[in-house]
Novice: 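Take a look at this one; I'll ask things after.
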Amino acid sequence: MDQILEVRGLDKSYAGFALRGVSFSLPRGYIMGLIGPNGAGKTTIIRLLLGLARPDGGEIRALGLDISTNGAIVRSRIGFVHEAPSFYLHLTVAGLASIVARFYPHWDATVFRRLASEFQLPLGKRVYALSRGMRTKLALALALSHDAELLVLDEPTSGLDPVFRRELLERLAAYIQDGNRSVLFSTQITSDLERVADYITFIQGGQLVFSTTRDEVKDRWGLVKGGLELLDEGRRFFRGIETSAFSFTAVTDDVEAARRRFAGREVVVERASLEDLMFYLSRARAGAATGEGEGSPPGRGRDS
Amino acid sequence: MTDYALEVTGLCKSYRGFALRDVSFRLPRGYIMGLIGPNGAGKTTVIKLIMNLVRRHSGEVKVFGLDNRAAGREIRSRIGFVYDFPCFHEDASLDDHRRVIAPFYPRWSEEAFERLLREFELPRDKKFKALSHGMQTKFALVLALSHDADLLVLDEPTAGLDPVFRRELLQRLSALLQDEGKSVLFSTHITTDLERVADFVTFIRNGEIAFSLPKDHLLETWGIVRGDERAVAALDGETRKGLRRSPYGVEVLTSNVDEARRRSGPGVVVDRPSLEDIMVLMTGEGNRAR
Amino acid sequence: MLGNLIRLDLLLGRRVLALNGFLFTFWFAFFLWMGGPDVSVGGYIVLTSVMSVFLPVTVIVREGKFNAAALTCSLPVSRREIVRARYGLSIGLGSCLMVVAITVGLLCPWSHLAVAKLVAPKALLLALSMIVLEVALLLPFLFRFGWIGIIVLLIVLQLLGIVALTLTRLLGHGTAFGLGIKALANALRSLYANLGDPIFVAVWAAVLVLVTFASCALSTWLYGRRRV
Amino acid sequence: MKILIANSSPDPIYEQIARQVKSQIISGDLPEGTSLPSIRRLAQELQISVITTKRAYEELEKEGFIDSVGGKGTFVAAQNADFLREKRMKVVEERLAQAVDEARTLGIGCDQLSEMLRLLCGEES
């Protein structure tokens, strides 16, 4: 299983923020979701991957090449779709495509035209006159038209409705069909990832919480809800707790152990959505819950 | 007669190839209503009409029982608003905006403003345009939540914000509802937020109200029936709200899941719909407007 | 409520206010330096008052740039109050800048303006009249079209000016334009002359008040229909 | 009072609340007269919609488990002894019925089942 993207011990710090020792890798032919609270470092990682900033430490290898030395080659084979596409707004769709085409050796005008018609993108219309959804489709069409092997999306769907989002997810799934191309998809709408992501990388406060397969997240992590009297018993398993007047809810990364521990007792143990994980682990980080607080990564950062 | 925080009746408005046709729904006092619908369905236009920012062709909007044209001033002094379009002076800071806006609101509370400022971790003196997208939304929320509003009108208040903040906002909204006099109209594309705390859900689709129902009733009586063409053929008629054909079979959204179970053929899967499923099935191309 | 609205525009636009205020003042002094001895008090008053009204306009116009009209209109105020506040702001701010212009006229070492005439009631009334008339003309455009309207209006006025100048030079003074310009100049001169006569001033004041209210009503109607 | 909401369970949330409050009243954890949180406080604590908690309380009131005194709040209703006994008998019946269903799926006959029951009763005495 060769890796299309390998990030090892990435460090980057600037005003009031630091990325520390982030490592994860994305095999060919899969979709990886990148999640984490605002300001956790997701955009920084993407900027480093695209060579828009230089890491203080660590290494990024994309498409088998070290990006610090051959960033240009790597960038020509990466398709980048970001939240506020800062295109030249006064250009028409076709005009913009012709400019972008010059930057990419493998640009394929027929592919772009096919995608433009598929997305119902009016070639003659000015970019500033396009709706938000249309601009994201344009960004996607451009990213898919130069034979990119790695698609990087940074919050492409914020403010877009579920119909559009599902259509985008279907396109991403189609994109990786040949098993040779991959997607790195950073989003705050985690329900989208629950639909298509094969891997999930969770970044919090500049550190890796985990980077593993979606199924492993589903199997290992869980929500435990119980009466307040059971709280202390379970502290060993709990990684983030929220108490209310009538019960506590905690997230655990060893749901089997929690099931065994509380078998037969009046406890609800159920699957945790990615949103639950982010919410309750932020409680741990805020030190509101267990003593060990800091969400230390559970050992195996990279999954072979 | 239950009193309503918001009564929209027969609202019509058309411009630039888009039209609101006879939009009517009501939000009882003391509850949260989710407003959902695809981009361009008219959600923002309805909100602008409630705030009387644009002119309507016909229809009536009553807020706290008062007509929003006759008693616009009284109403707006009790409404907190967050828009999904830019409306702040970009070269002015949060403090500048507080200084100019606070005098307009009789129930403005400096203490509430300061507490929200700290909790949202917002810089007091940074210019609006220098803030990140998420911070700008929080900027609007602080101003909307600092004058003890009786009705919150929030248009995409969580766009671009992470699940942690979104859930904290929902907790804040449900805390607000401890006071039965408070109500919230909450338009969003992130329907999972609504599934938790919304009491009512109103769905707008190309300028028309598809439904406006209590959320529990909606999620309990509606269902998705998945099967092949034959198995779901019997499910047409009034209760069929949406249909989607996919390579693996047909998905029908029905407003009466028990009846659908009885009338559908063998080998059919019946599932509980999420709000997102309902939206997708009711706006997908394979769907004939019911 | 009007006070709060005026405060809103002034406070949010304070940087623009300070910058333009300084620029205008500098321009007044420069105009006097360029004009030298043949700048008449009447001429100076007319020109500086026409300029002064553009200071409040640059403050009010900011709202359009940031689409902040939605914010102001969402506050517990009526459109009528917003319009009235802006008329007050425009006349007030225009008058303040006129005071500055007159002070510049007095203090500037290279100013040849007769001090007595510059501060005479006639001159002050002329200035006020010009400000009120200009505000009545400009603000409806501002409320209907926002900052684009003002720019279009300015461009149109300048074009008219250029056309007028070329025509008068080419065809001599007989043309309609030439007559138009001359008529305007005469009207201003007679206005200036009559402002000494109290009865005329009383009538003229009534006219100004009427014009302002009419323009204010028009602006309220226009702003009410504007899609924010 | 303890209430645990399982989002993944098929039954509606208001039913889960009603069932858990009922069992705590029947088991005596919530004795007569205890004051219950308002529907809005419960909705805030459990992060669900006010209408859901309202429906739960309406069902509990309909079945006589609680009554709400206008303005002063909601309290556990006076459960007369045999009404309570009858309720607890119903719970026992339900559990036995489940056991019978389970046994049938495993092909265990009625007599074998009663033998197991005697054994279980035997152990306790």
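Only heavy atoms go into these numbers, but all of them, side chains included; no hydrogens, no water, no symmetry mates. To find a chain, count down the sequence lines: A is the first, B the second, and so on, and within it residues start at 1.
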Novice: Can you see which heavy atom on Leu53(B) is nearest to which on Ala70(C), and at what distance?
Specialist: CD2-O, 3.9 Å
Novice: Check Arg73(B) with Glu81(C), please: is the shortest side-chain N to carboxylate O separation under 4.0 Å?
Specialist: yes
Novice: Using a cut-off of under 4.5 Å for heavy-atom pairs, which of Met51(B), Arg78(B), Lys48(B), His89(B) has the most such pairs with chain C?
Specialist: His89(B)
Novice: Which bit of Phe128(B) is near chain C, if near means a heavy-atom gap under 4.5 Å: side chain, backbone, both or neither?
Specialist: neither
Novice: Could you tell me whether a side-chain N or O of Arg76(B) sits under 3.5 Å from a main-chain N or O of Ser78(C), the two making a donor and an acceptor?
Specialist: no
Novice: In Å and rounded to the nearest 0.5 Å, what is the CD1 to CG distance from Ile79(B) to Leu75(C)?
Specialist: 12.0 Å
Novice: Does CZ belonging to Phe85(B) count more than 12 external heavy atoms closer than 6.0 Å?
Specialist: yes
Novice: Count the heavy atoms of every other residue, nucleotide or ligand shown that sit under 6.0 Å from CZ of Arg226(C), and state whether that count exceeds 12.
Specialist: yes
Novice: Would you confirm whether Arg225(C), through its side chain, and Arg55(B), through its main-chain N or O, come within 3.5 Å as a donor-acceptor pair?
Specialist: no
Novice: Among Leu11(C), Val16(C), Leu10(C), which residue forms the greatest number of heavy-atom pairs with chain B at distances under 4.5 Å?
Specialist: Leu11(C)
Novice: Answer yes or no: are there more than 12 heavy-atom neighbours, outside Lys65(C) itself, under 6.0 Å from its atom NZ?
Specialist: no
Novice: Quick check for you: to the nearest 0.5 Å, what is the distance between Arg15(C) atom CZ and Lys127(B) atom NZ?
Specialist: 4.5 Å
Novice: Find the distance between CZ (Phe88(B)) and CG (Asn67(C)) and round it off to the nearest 0.5 Å.
Specialist: 11.5 Å
Novice: Does any heavy atom of chain C fall under 4.5 Å from the side chain of Asp91(B), the backbone, both, or neither of them?
Specialist: both
Novice: Nearest 0.5 Å, what's the CD1-OG distance between Ile101(B) and Ser74(C)?
Specialist: 9.5 Å
Novice: Around Glu121(B), counting heavy atoms of other residues, nucleotides and ligands shown, do more than 12 lie under 6.0 Å from its CD?
Specialist: no
Novice: Show the numbers, then the answer: is there a side-chain contact (heavy atoms from CB on, under 4.5 Å) between Tyr83(B) and Leu71(C)?
Specialist: CA-CA 9 Å; Tyr83(B) 297 139; Leu71(C) 174 68; over 6 Å; no
Novice: Could you tell me the separation between the CZ atom of Arg99(B) and the CZ atom of Arg7(C), rounded to the nearest 0.5 Å?
Specialist: 7.0 Å
Novice: Using a cut-off of 6.0 Å, state whether more than 12 heavy atoms not belonging to Trp108(B) lie near its atom CH2.
Specialist: yes
Novice: Check this for me: Phe26(C), atom CZ, are more than 12 non-hydrogen atoms of other residues, nucleotides or ligands nearer than 6.0 Å?
Specialist: no
Novice: Between Tyr105(B) and Pro76(C), is there a side-chain heavy-atom distance shorter than 4.5 Å?
Specialist: yes
